[in-house]
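Chain A is the first sequence line, chain B the second, and so forth, proteins listed ahead of strands; every chain is numbered from 1.
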Amino acid sequence: MNFESLPRSFFEQPTLEVAENLLGKLLVFNEFQGYITETEAYIGVDDPACHAARGKTPRTEIMFGKAGHAYVYMIYGMYHCLNFVTEAVDFPAAVLIRSLQLIKPEPHLLDGPGKLCRHLGMNKNHNGLDIIGSDKFFVADVGKKLSVFTTPRIGIKQGLDKPWRFVAQV
DNA sequence: ACCCCGATCGTA
DNA sequence: ACGATCGGGGTT
């Protein structure tokens, strides 16, 4: 089955819209295919939980770039987290992919950003990859509709007042 | 050069 | 509830 990559304009929208609209989309990465079921938005230098809140650094540089690229970073010395850059150039924002309902090659729930990257073999080698127009790493709309609820983001100590985590109802 | 801490996870 | 584990960013 062939799927068509979302256009870059999908990721150039406001990050909260992108985070919500990514739920139910199909993530394709090499031999893996899975529905995105949980996301979080990290939005700009004024969001204290966003890595870019402390300005542009070698790590966060990708967040300041063009939408539709992967931002993959190491966390806690042992895990990686996958994000997609959103919004305009020089507006640093991204959506964290927190869970994936894998359907290929084996059905499997990847609930947690670290577990997700570990299972997919995703690491810093994938940081900065363009996910628009690739046939190995992209996101596709397959017409799946899911109802969504929001909560504060997980694992942060600042910005807990913002309900910027988006979860698909099972 | 050094120190602190983190967008996590598995075990208890 | 807590320890593992280490890169990055801020500070000296």
Original post:
Would you call A:Leu96 and A:Thr39 a side-chain contact if the rule is heavy atoms closer than 4.5 Å?
Top reply: no
Subject >> Worked check of side chain to side chain contact (heavy atoms under 4.5 Å, CB included) between A:Leu22 and A:Phe84 >> reply: CA-CA 10 Å; A:Leu22 275 174; A:Phe84 297 132; 4.2 Å; yes
Subject >> Whether over 12 other heavy atoms sit under 6.0 Å from A:Asp46 CG >> reply: no
Subject >> Whole-Å P distance, B:dC2 and C:dT5 >> reply: 22 Å
Original post:
From the 5' end of DNA chain C to its 3' end, which nucleotides mark the outer limits of contact with chain A, defined by a 4.0 Å heavy-atom distance cut-off (strictly under)?
Top reply: C:dA4 to C:dG10
**OP:** Establish, from distance only, whether the side-chain atoms of A:Glu87 and A:Thr15 form a donor-acceptor pair under 3.5 Å.
**Re:** yes
Original post:
Would you call A:Phe3 and A:Val142 a side-chain contact if the rule is heavy atoms closer than 4.5 Å?
Top reply: yes
Subject >> Side chains of A:Asp111 and A:Glu38 in contact at under 4.5 Å (non-hydrogen atoms) >> reply: no
Original post:
Would you say A:Asn83 and A:Val95 make side-chain contact, with heavy atoms under 4.5 Å?
Top reply: no
Original post:
Name the stems that DNA chain C belongs to, where each is three or more consecutive Watson-Crick or G-U pairs with both distances under 3.5 Å?
Top reply: B:1-6 with C:6-11, B:8-11 with C:1-4
Subject >> Ring centres under 6.0 angstrom apart (A:His69, A:Phe11) >> reply: no
**OP:** Report the residues that fulfil side chain to side chain donor-acceptor pair (under 3.5 Å) with A:Lys162, sequence neighbours left out, ordered by chain and then residue number.
**Re:** none
Subject >> Pairwise side-chain hydrogen bond (donor to acceptor under 3.5 Å, both in side chains) hits with a residue in residues 50-59 of chain A, at least two apart >> reply: A:His51-A:Tyr71, A:Thr57-A:Thr60
Original post:
Heavy-atom contacts under 4.0 Å between residues 59-77 of chain A and DNA chain C, which residues?
Top reply: A:Arg59, A:Met74, A:Tyr76, A:Gly77
Original post:
Within a strict 4.5 Å, meaning less than it, do heavy atoms of the A:Met122 and A:Phe137 side chains meet?
Top reply: yes
Original post:
Thinking salt bridges, do A:Lys66 and A:Asp90 make one under a 4.0 Å N-O criterion?
Top reply: no
**OP:** Residues of residues 38-48 of chain A with any non-hydrogen atom less than 4.0 angstrom from an atom of DNA chain B: list those, numerically ordered, please.
**Re:** A:Tyr42
Original post:
Where does the chain A footprint on DNA chain B start and end, counting 5' to 3' with a 4.0 Å heavy-atom cut-off?
Top reply: B:dG6 to B:dG10
Subject >> Residue pairs passing the salt bridge (Lys or Arg N to Asp or Glu O under 4.0 Å) test where at least one lies in residues 116-138 of chain A, sequence neighbours excluded >> reply: A:Arg8-A:Asp130
**OP:** For DNA chain B, find the residues of residues 113-130 of chain A with a heavy-atom distance under 4.0 Å and give them by number; none if there aren't any.
**Re:** A:Pro113, A:Gly114, A:Lys115, A:Arg118
Subject >> Residues in side chain to side chain donor-acceptor pair (under 3.5 Å) contact with A:Asn127, at least two apart in sequence or another chain >> reply: none
**OP:** Output the residues of residues 19-30 of chain A in contact with DNA chain B, where contact means a heavy atom of the residue under 4.0 Å from an atom of the strand; sort by number or write none.
**Re:** none
**OP:** Please work out which residues in residues 153-167 of chain A have a non-hydrogen atom less than 4.0 Å from an atom of DNA chain B and list them by number.
**Re:** A:Ile154, A:Gly155, A:Ile156, A:Lys157
